[in-house]
J.: 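There's a structure below that I have some questions on.
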Amino acid sequence: MRAKLVATSDCWIFVGAVADDGYGRFWAPARQEERSDVVRPSRWMWTAHHGPIPASLVVRHRCDRSICARPDCLLLGDQVDNLLDASRRDRITHMGRTGKADRRGTRTAALAIRSAVLAAVADGILDPEALAVVVRNAQAAGDPYGDHERLF
């Protein structure tokens, strides 16, 4: 999995496959039998650093980037905690209101961040802080209020 991570000063961006829900995924050997399972990088990273994830819990992202797998950005909680995070950060969307949720949707936002990181690395940008700026700019492109002028 290490070959599919690009470390920035903020996050470890997974540059492999992205599922329809905007989270990374890859095939990892299963612990039982001789088969493989599709795994989210964030869940794999949590398990590698902290042990198994209880069935009732989810891996949450402090950074709000679904393709991040940096252990410092991850924490466990239940789905209520996850929704409270989204509410506190004004990322809950509903009819007629977008809040601060990425206007591109989670998958398209993740693909935009992944593409920007891969392009930067291809251009020889390897400095973690410079890569963090690339990620921030790619994420800012989906800001629903990014093209509005501030009133105050």
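Bear in mind the structure is a predicted one, so any value in this text is a computation, not a measurement. Side chains are part of it too, since the values below use all heavy atoms of this structure and drop only hydrogens, waters and symmetry mates.
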J.: How long is the straight-line distance from CZ of Arg43 back to OH of Tyr23, given to the nearest 0.5 Å?
T.: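 Interatomic distance, Tyr23 OH to Arg43 CZ, rounded to 0.5 Å: 11.0 Å.
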
J.: So which heavy atom on Pro41 is nearest to which on Phe26, and how close?
T.: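 The pair with the smallest heavy-atom distance is CA-CE2, 3.8 Å.
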
J.: Over all heavy atoms of both residues, which pair between Leu5 and Phe14 is shortest? Give the atoms and the distance, please.
T.: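 For Leu5 versus Phe14, the nearest heavy atoms are CD2-CA, 3.9 Å.
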
J.: Indicate every side-chain donor-acceptor pair of residues 110-126 with a distance under 3.5 Å to a residue at least two apart or in another chain.
T.:
| unit_1 | atom_1 | unit_2 | atom_2 | d |
| --- | --- | --- | --- | --- |
| Arg114 | NH1 | Gly16 | O | 2.8 |
| Ser115 | OG | Leu111 | O | 3.0 |

J.: Is there a donor-acceptor contact under 3.5 Å from the side chain of Asn137 to the main chain of Val134?
T.: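 Here the side-chain-to-backbone pair does not exist.
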
J.: Does Val39 belong to the same Ile/Leu/Val/Met/Phe/Trp/Tyr cluster as Met45, with side-chain heavy atoms less than 4.5 Å apart forming each link?
T.: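 As far as the 4.5 Å side-chain criterion goes, Met45 and Val39 are connected within one cluster.
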
J.: Please, which pairs that meet side-chain hydrogen bond (donor to acceptor under 3.5 Å, both in side chains) have at least one residue in residues 49-62, sequence neighbours excluded?
T.: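 Residue pairs with at least one partner in residues 49-62: Arg60-Asp85.
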
J.: Give, for atom CZ of Arg103 and atom OG1 of Thr108, the distance between the pair rounded to the nearest 0.5 Å.
T.: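 One gets 12.5 Å once the value is rounded to the nearest 0.5 Å.
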
J.: Side chains of residues 64-71: which donor-acceptor pairs under 3.5 Å do they make with residues two or more places apart or in other chains?
T.:
| unit_1 | atom_1 | unit_2 | atom_2 | d |
| --- | --- | --- | --- | --- |
| Asp64 | OD1 | Arg89 | NH1 | 2.7 |
| Asp64 | OD2 | Arg91 | NE | 2.8 |
| Arg65 | NE | Gln139 | OE1 | 2.7 |
| Arg65 | NH2 | Gln139 | OE1 | 3.0 |
| Ser66 | OG | Gly22 | O | 2.5 |
| Arg70 | NH1 | Ser9 | O | 2.9 |
| Arg70 | NH1 | Asp10 | O | 2.9 |

J.: Would you say Asp102's side chain and Arg104's backbone share a donor-acceptor pair under 3.5 angstrom?
T.: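 Side chain of Asp102 to backbone of Arg104, a donor-acceptor pair under 3.5 Å: yes, one is there.
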
J.: Can you hop from Val58 to Leu76 via hydrophobic side chains spaced under 4.5 Å?
T.: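 No, separate clusters.
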
J.: Please walk me through it: do Trp27 and Val38 pass side-chain contact (heavy atoms from CB on, under 4.5 Å)?
T.: CA-CA 5 Å; Trp27 287 95; Val38 175; 3.6 Å; yes

J.: With a 4.0 Å cut-off, would you call Arg40 and Asp21 a salt bridge?
T.: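 A salt bridge links Arg40 with Asp21.
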
J.: For the atom pair CG (Asp78) and CG (Leu83), what is the distance rounded to the nearest 0.5 Å?
T.: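 The CG atom of Leu83 is 9.0 Å from CG of Asp78, to the nearest 0.5 Å.
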
J.: To the nearest 0.5 Å, what is the distance between CG (Leu75) and OG (Ser42)?
T.: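 The OG atom of Ser42 is 11.0 Å from CG of Leu75, to the nearest 0.5 Å.
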
